[in-house]
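A short worksheet on the structure shown next.
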4 protein chains.
Amino acid sequence: MIEDQFVAPSGAFTRSVPVRFSHCDPAGIVYFPHYFDMFNGLIEDWYTQELGYDYAELIMGNKYGFPFVHLECDFKVPSRMGDVIDLTLLVERIGRSSLGIAIVCHRDGIERLRARMTTAMISLESHKAVPLPQPLRDAAEAYRQRTAQ
Amino acid sequence: MIEDQFVAPSGAFTRSVPVRFSHCDPAGIVYFPHYFDMFNGLIEDWYTQELGYDYAELIMGNKYGFPFVHLECDFKVPSRMGDVIDLTLLVERIGRSSLGIAIVCHRDGIERLRARMTTAMISLESHKAVPLPQPLRDAAEAYRQRTAQ
Amino acid sequence: MIEDQFVAPSGAFTRSVPVRFSHCDPAGIVYFPHYFDMFNGLIEDWYTQELGYDYAELIMGNKYGFPFVHLECDFKVPSRMGDVIDLTLLVERIGRSSLGIAIVCHRDGIERLRARMTTAMISLESHKAVPLPQPLRDAAEAYRQRTAQ
Amino acid sequence: MIEDQFVAPSGAFTRSVPVRFSHCDPAGIVYFPHYFDMFNGLIEDWYTQELGYDYAELIMGNKYGFPFVHLECDFKVPSRMGDVIDLTLLVERIGRSSLGIAIVCHRDGIERLRARMTTAMISLESHKAVPLPQPLRDAAEAYRQRTAQ
């Protein structure tokens, strides 16, 4: 198998996640839905720690939601209990009310899986899409530009 | 929004899943990784109940694994606590050691989400891909043909 | 080890749950938090199917919550992928706004684990305990009596 | 309600956990089985970071398991998305092959929930209890003594 190399762009938002007993299945590797849960946590942290928007407040206070509209994922190298994996978030596209995000899971310079996903911003009251607030859009665009590969 | 109609092909493997409290997030809708867990359960049941292969035995007894290689999903209509959703499995492609499966989540004739995924068959001992056993391949192919849309 | 026999009382609410791949950990047995998720699902179904109260409607419509106040559990026999386990719900105590429930997980007449738990009924608006509505109390009490061991 | 104060003993193993969107239910508070998953993670980290035993290696390498035998939990104050909760592990009892552990979840000096649990050490090959290795026992006993309240 040819391995995919991955080096996170300078300044990209990366968090390490220990692969736990509870993530793993009887085959000893991460049960795949847990990756999506990790990704959701990474997006939360990116909003809060990188963009400066408190994700909990956006949802519970401002009544916004960020449902997934589309998701695709290539699984390349499995991860085992005890591994520490790095997750890097990249912005691929900024729409009127949507964000196209890629999350790369890697370790030691090798890409283990890559997901591309589109989230929408909606009002939890009207259940309709709302335009990204301009400051949030600006913060996401600035992040996109400074981490473009 | 234009809704996508969906009618499961005659003879297609469909199971109903009640959307539970535990599936739902603070926005009151299914937290998306739970769908993938439901899909894995559906595939398990399809092997066991439709193809006649005991999925637990394949894994624990025969030491085969069925990791996901690729997955993509379009989320169209959210599901709420108390909904009962129908999941239908369709076979799209049969490779040497891989299966291309589509799972459609629908209710009342409307498609709510659709996932397309590729699983490989591997040996849990060698961690290498193994060819689908001929009887399993034949069973999957027969299913594919009788449920082709 | 001396095994504990268990025979569900006549008329007791019992549901079977297949132990899935996703329930099991790298040791090949059910990862214990999944039992509590199964128990929550059983309680949901008991309200809806046995007592005649739509659990989703109680929460989403009437804005009631049923948080756990206390829980204890003895784990006796592990369950493995492919097992089908039976869960039986028994009412042990009915308080002003609380229910004392036991859930026994068993198979083939052998008790595998037993949990005893207390849930409160609260208003999701005031976050305070509310008295069990009299018809709900009556239904729970009737169930308790007809399934008393 | 009278709140329970909690101050972790000096030197006690404490880790902070952010309460995430994915932990919370439609009532906006942590869905209780997630606490048990957090506890399992804390125990993992305690073995590895405090006692100096690589938990993944104990399980995958040495084929030991640490199933729960008994668990009880009092839920006192709910936690909401965006909260950061502290989890402190205390050793209450060391048996031949079992550990009695308490985990206190607290924030700002207030106890939110407390679990007491007994784990056994077993061989994953014989599925029988094995005595705690003396160095592990010693490390656990030293921890117990230096954090006794």
Side-chain angles (χ1 to χ4, degrees), chain B residues 15-31 33-50 52-68 71 78-85 87 103 107 117 119 121-122 124 127, chain C residues 15-31 33-50 52-68 71 78-85 87 103 107 117 119 121-122 124 127:
Chain B
R15 291 294 178 269
S16 297
V17 176
V19 175
R20 296 192 174 283
F21 185 71
S22 64
H23 293 134
C24 295
D25 63 25
I29 63 174
V30 174
Y31 177 56
H34 290 304
Y35 286 119
F36 299 114
D37 190 48
M38 294 176 193
F39 296 168
N40 208 67
L42 186 76
I43 293 172
E44 255 179 70
D45 289 345
W46 177 71
Y47 271 92
T48 304
Q49 299 169 22
E50 181 76 25
Y53 279 79
D54 183 325
Y55 194 79
E57 183 59 24
L58 283 172
I59 289 176
M60 305 308 281
N62 301 336
K63 306 291 180 194
Y64 289 124
F66 299 89
F68 286 80
L71 181 156
S79 291
R80 298 196 145 62
M81 188 186 176
D83 290 353
V84 176
I85 52 181
L87 303 178
I103 293 180
R107 188 184 177 189
M117 49 194 90
T119 68
M121 183 167 184
I122 64 164
L124 293 179
H127 298 287
Chain C
R15 291 292 178 271
S16 296
V17 176
V19 175
R20 297 193 173 283
F21 185 70
S22 63
H23 293 135
C24 295
D25 62 26
I29 63 173
V30 174
Y31 177 55
H34 290 304
Y35 285 120
F36 299 114
D37 190 48
M38 293 176 192
F39 296 167
N40 207 67
L42 187 76
I43 293 173
E44 256 178 68
D45 289 346
W46 177 72
Y47 271 92
T48 304
Q49 298 169 22
E50 181 76 25
Y53 279 79
D54 182 325
Y55 194 78
E57 183 59 24
L58 283 172
I59 290 176
M60 305 307 280
N62 300 335
K63 305 291 180 192
Y64 289 124
F66 299 89
F68 286 79
L71 181 155
S79 292
R80 298 194 145 62
M81 189 186 174
D83 289 354
V84 175
I85 52 181
L87 303 178
I103 293 179
R107 188 184 176 186
M117 49 194 91
T119 67
M121 183 168 184
I122 65 163
L124 292 180
H127 298 287

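Bear in mind the structure is a predicted one, so any value in this text is a computation, not a measurement. Order of the sequence lines sets the chain letters (A, B, ...), proteins ahead of strands, with each chain counted from 1.
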Taking only distance into account, with no hydrogens and no angle test, what donor-acceptor pairs under 3.5 Å do side-chain atoms of residues 35-43 of chain B form with protein atoms, sequence neighbours excluded?
unit_1  : atom_1 : unit_2  : atom_2 : d
B:Asp37 : OD1    : A:Tyr31 : OH     : 2.6
B:Asp37 : OD1    : C:Ser22 : OG     : 3.2

Could you tell me which non-hydrogen atom of B:Ala56 sits nearest to which non-hydrogen atom of C:Gly82, and how far apart they are?
-> CB-CA, 3.6 Å
B:Met60 versus chain C, heavy atoms under 4.5 Å apart: side chain, backbone, both or neither?
->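 Contact with chain C is through the side chain of B:Met60 alone.
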CZ on B:Arg20 to CD on C:Glu44, rounded to 0.5 Å |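 Output value for this atom pair is 5.0 Å.
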